[in-house]
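Chain identifiers are assigned alphabetically (A, B, ...) following the order of the sequence lines, protein sequences preceding nucleic acid strands; residue numbering begins at 1 within each chain.
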Amino acid sequence: MSFAGRAKGWHAMNPRLGQAPAVISTQGLVKSYRGVQALKGIDLTVPEHSIFGFLGPNGAGKTTAIKLLLGLARPTGGSATVFGLDIAGRSRAIRRRVGYLAQDPRFYDRMTARQALRFSARFFYTGPKAAIERRVAEALELVGLSDRADRPTKGLSGGERQRLGIAQAQINHPDLLILDEPAAALDPMGRRDVLQVMMRLREHTTIFYSTHILDDVQRVSDTVAILNKGTLVAQAPIDELLSTRGGSAAYSLALRGDSNQVRRRLEEQPWVSALSVTQANGSPHLQVAVRDQAAAEKHLLRLVMADPGVTVLEFGRTRHNLEDVFVGLVEGAEHGR
Amino acid sequence: MAADLAFQSVRDRGWLSGLGTLLRKEIHGFWGTRTCWVQLGAWTFLIQGLLLNALARAHHGAPGTEFISVGMGTFGALGMIVITHNAIVGERQSGTAAWIMSKPVSRSAFILAKFLGALTGTLTVVVAVEGTAAYAALTAAGHSPAALTYLRAMAAVAIYLLFFAALSLCLGTLFTSRGPVLAIPLLAVLAGQLLHLNLAGIGAALLPAGHSAVSVSASSGGPAATAVLAVSAIYVVLIIGLLLGAIVRFTREEF
């Protein structure tokens with residue numbers, strides 16, 4: 001089964017997800033603009049307390065999907081729920097429990113950072129004033145803007161505005177934080193800070209964020225979905241995604257001894273899809289790609305160890321680089337059209 | 001929700017959700033900044049200047065009512081249009097409308113906050129502050145009009161100005177650029193003035209300029225009072241219609 005195929009049935013297949021209730025769930029969500037489909041029926045499931053990376057190249061439809069979830073745009077087909085509430089009819093109730101950072105956060109120029117946070121907080125809390133002020137101060141502290149708190153927002157740098165955006169997004173202690181490209185406009189230090197803030201917030205909230213910065217995803221996400229041209233091409237826990245490239249798992253073995261016989265026996269197995277051998281420090285290293293992961297886990301190591309001519313020095317699932325997986329899936333989906 | 005128990009959560013108020021916070025922002029944006037001083041200065045210069053001029057020329061009898069028809073009516077309408085034309089379009093263009101709409105705010109509350117902001121800001125300065133100051137000046141000069149008649153005239157002016165506020169807000173939801181939102185109400189004022197000169201009867205009274213003129217008549221009392229009431233009632237209906245139109249259109253807006 002390909003990852004594109006897995007995207008649909010993932011919820012049922014994934015035991016980790018099965019345990020956590022879905023915060024976001026979409027079924028065939030479609031959005032068209034003047035006849036052009038920006039989203040082509042996506043089925044997305046975001047488990048509670050996950051840091052869910054929503055990946056895709058520019059123009060893939062990530063921001064469109066986010067806007068639909070928030071009620072900032074209306075779907076033209078399919079359905080979706082957030083906290084079990086329908087996005088079409090219960091949008092305001094959803095937004096009460098959500099914090100949102102736009103791709104390019106905007107504030108009223110005249111407001112200071114503190115006033116912008118106070119203003120945001122007032123949509124959720126009527127008081128007491130001291131508690132709101134404390135919350136505003138906490139949010140400023142969280143994103144490192146305490147020393148800029150009383151500057152007008154128009155005087156803030158791009159990175160500072162982004163951090164203020166994160167602060168206002170979580171001012172209401174949201175159950176779900178939706179961040180649209182939270183680190184796109186930041187320098188490496190700013191990116192690191194934002195990722196640290198996300199890691200801190202995950203204890204209390206589910207984080208759903210879109211990005212095209214793959215390094216960030218690999219560092220903080222536990223689950224990911226890849227969107228390309230409005231179609232979901234993959235959705236899986238990141239460990240699974242990195243260890244099963246293109247829908248097939250791969251294993252690596254470092255051996256000592258003559259590997260020729262092992263190689264011949266493996267090539268005869270119906271569950272092996274590809275095999276390559278390289279030499280490293282005089283030892284053969286086998287890369288075994290498999291069609292059937294369950295069969296491989298049951299027989300692979302046993303088959304190799306049954307050969308008295310070799311000793312297994314290392315064995316494990318091959319972990320791919322996310323960039324390779326991403327490019328492979330996106331290009332694979334395009335070639336498959 | 002993981003919210004601290006010490007907080008008092010905002011209750012969902014349906015189509016008014018978020019109105020209080022948005023209106024506080026609008027009021028603070030006017031009265032809490034130098035905007036109010038700038039407007040107070042400008043309107044005082046215009047309206048009281050016209051009144052002083054009328055008083056200076058009124059050697060015998062009551063002074064003219066140019067300060068109502070021109071100062072409060074025509075200039076007031078033009079000022080209201082200039083001030084409110086960017087209220088919706090500006091926020092849509094800058095992205096702040098999308099920011100607000102990502103909060104638990106109803107679309108209707110956003111429109112109503114803008115309208116009530118105009119009411120509590122510019123309208124208050126033009127009609128309540130300047131109107132009161134003008135009444136005091138007239139009284140001091142020995143030309144005190146009947147309080148009820150004067151109040152009726154001020155109410156008519158207020159409705160006249162609110163009509164243009166509602167028109168600008170409605171147009172702001174229909175267009176994405178400022179040009180037409182500014183131009184259409186300005187043309188309505190100018191065309192109204194021209195047509196008013198060439199029309200008679202109820203047709204003339206129903207024009208924006210006609211309404212302004214009727215409010216002037218009201219300040220002198222007499223039979224025009226009934227006309228003021230009738231025309232004002234029609235304008236109130238128009239204002240409500242424009243606001244409903246703005247809300248319906250804005251509810252369909254995608255960000």
Side-chain angles (χ1 to χ4, degrees), chain A residues 31 33 63-64 66-68 70-74 83 91-111 115-116 118-132 134-135 138 153 165 168-176 178 180 203-205, chain B residues 1-36 38 86-87 90-110 113-114 117 249-255:
Chain A
K31 179 62 184 175
Y33 292 104
T63 299
T64 300
I66 286 173
K67 287 183 173 179
L68 293 180
L70 287 162
L72 295 175
R74 288 183 305 280
F83 310 119
S91 176
R92 208 165 50 244
I94 290 169
R95 280 180 270 141
R96 196 167 292 286
R97 297 174 62 186
V98 171
Y100 167 59
L101 168 71
Q103 193 167 356
D104 181 15
R106 297 302 180 103
F107 306 99
Y108 294 109
D109 286 347
R110 280 181 179 176
M111 284 187 184
Q115 286 170 335
R118 202 179 282 147
F119 177 61
S120 292
R122 287 284 180 186
F123 288 114
F124 302 94
Y125 306 120
T126 54
K129 195 178 175 187
I132 291 174
R134 193 176 64 237
R135 180 69 190 137
E138 280 171 9
T153 58
Q168 64 80 32
Q170 54 83 60
I171 197 80
N172 57 322
H173 305 93
D175 294 326
L176 170 65
I178 297 180
D180 194 359
E203 290 173 28
H204 312 288
T205 185
Chain B
M1 200 182 292
D4 189 331
L5 288 175
F7 285 108
Q8 294 152 5
S9 294
V10 169
R11 279 186 299 145
D12 189 289
R13 295 184 183 276
W15 62 284
L16 292 177
S17 288
L19 179 62
T21 304
L22 289 172
L23 186 56
R24 256 196 306 275
K25 194 262 297 176
E26 295 294 331
I27 291 170
H28 181 266
F30 187 90
W31 294 104
T33 64
R34 64 179 180 180
T35 304
C36 71
V38 171
N86 201 31
E91 294 228 21
R92 285 163 75 195
Q93 286 180 341
S94 71
T96 48
W99 176 43
I100 298 300
M101 288 306 136
S102 72
K103 309 293 180 197
V105 172
S106 73
R107 307 273 176 121
S108 47
F110 187 84
K114 293 291 179 193
R249 174 64 193 86
F250 198 62
T251 302
R252 299 174 61 83
E253 178 75 15
E254 296 197 344
F255 296 95

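Taking all atoms of both residues into account, the shortest heavy-atom contact from B/Ala6 to A/Pro128 is O-CD, 3.1 Å. Between A/Arg92 and B/Ser106, the closest heavy-atom pair is NH1-CB, 3.8 Å. Annotation for B/Val10 and A/Arg122: closest pair CG2-O, 3.6 Å, computed over non-hydrogen atoms. Residues A/Arg95 and B/Val105 share a closest heavy-atom pair of NH1-O, 3.3 Å. Taking all atoms of both residues into account, the shortest heavy-atom contact from A/Arg74 to B/Thr251 is NH1-O, 3.8 Å. Heavy atoms only, all atoms of each residue included: A/Phe123 and B/Pro104 are closest at O-CG, 3.7 Å.
In this structure, CZ on A/Arg106 lies 11.0 Å from CD on B/Gln93, to the nearest 0.5 angstrom. Note: B/Lys25 NZ to A/Tyr108 OH = 3.5 Å, rounded to the nearest 0.5 Å. Note that OG of B/Ser9 is 10.0 Å distant from CZ of A/Phe124, once rounded to the nearest 0.5 Å. Atom CE of B/Met101 sits about 10.5 Å away from atom OG of A/Ser91, to the nearest 0.5 Å.
Classified by interplanar angle (parallel below 30°, tilted 30° to 60°, perpendicular above 60°), the ring pair A/Phe107/B/Trp99 is perpendicular.
Contact of A/Ile132 with chain B is made through backbone and side chain together, with heavy-atom distances under 4.5 Å. With a 4.5 Å cut-off on non-hydrogen atoms, A/Lys31 touches chain B through its side chain but not through its backbone. Looking at A/Ala131, both its backbone and its side chain come within 4.5 Å of chain B, counting heavy atoms on both sides.
Residues B/Lys103 and A/Gln168 are in side-chain contact: their nearest non-hydrogen atoms beyond the backbone lie under 4.5 Å apart. Side-chain atoms of B/Arg24 and A/Phe119, non-hydrogen and from C-beta on, never get closer than 4.5 Å to each other. Under the 4.5 Å side-chain criterion, counting only non-hydrogen atoms from C-beta, A/Met111 is not in contact with B/Thr96.
The environment of CH2 in B/Trp31 is crowded: more than 12 heavy-atom neighbours from other residues, nucleotides or ligands sit within 6.0 Å.
Between chain A and the options B/Ser94, B/Gly18, B/Ala98, the largest number of non-hydrogen pairs under 4.5 Å is found for B/Ser94.
With A/Thr126 contributing its side chain and B/Gln8 its backbone, the two residues share a donor-acceptor pair below 3.5 Å.
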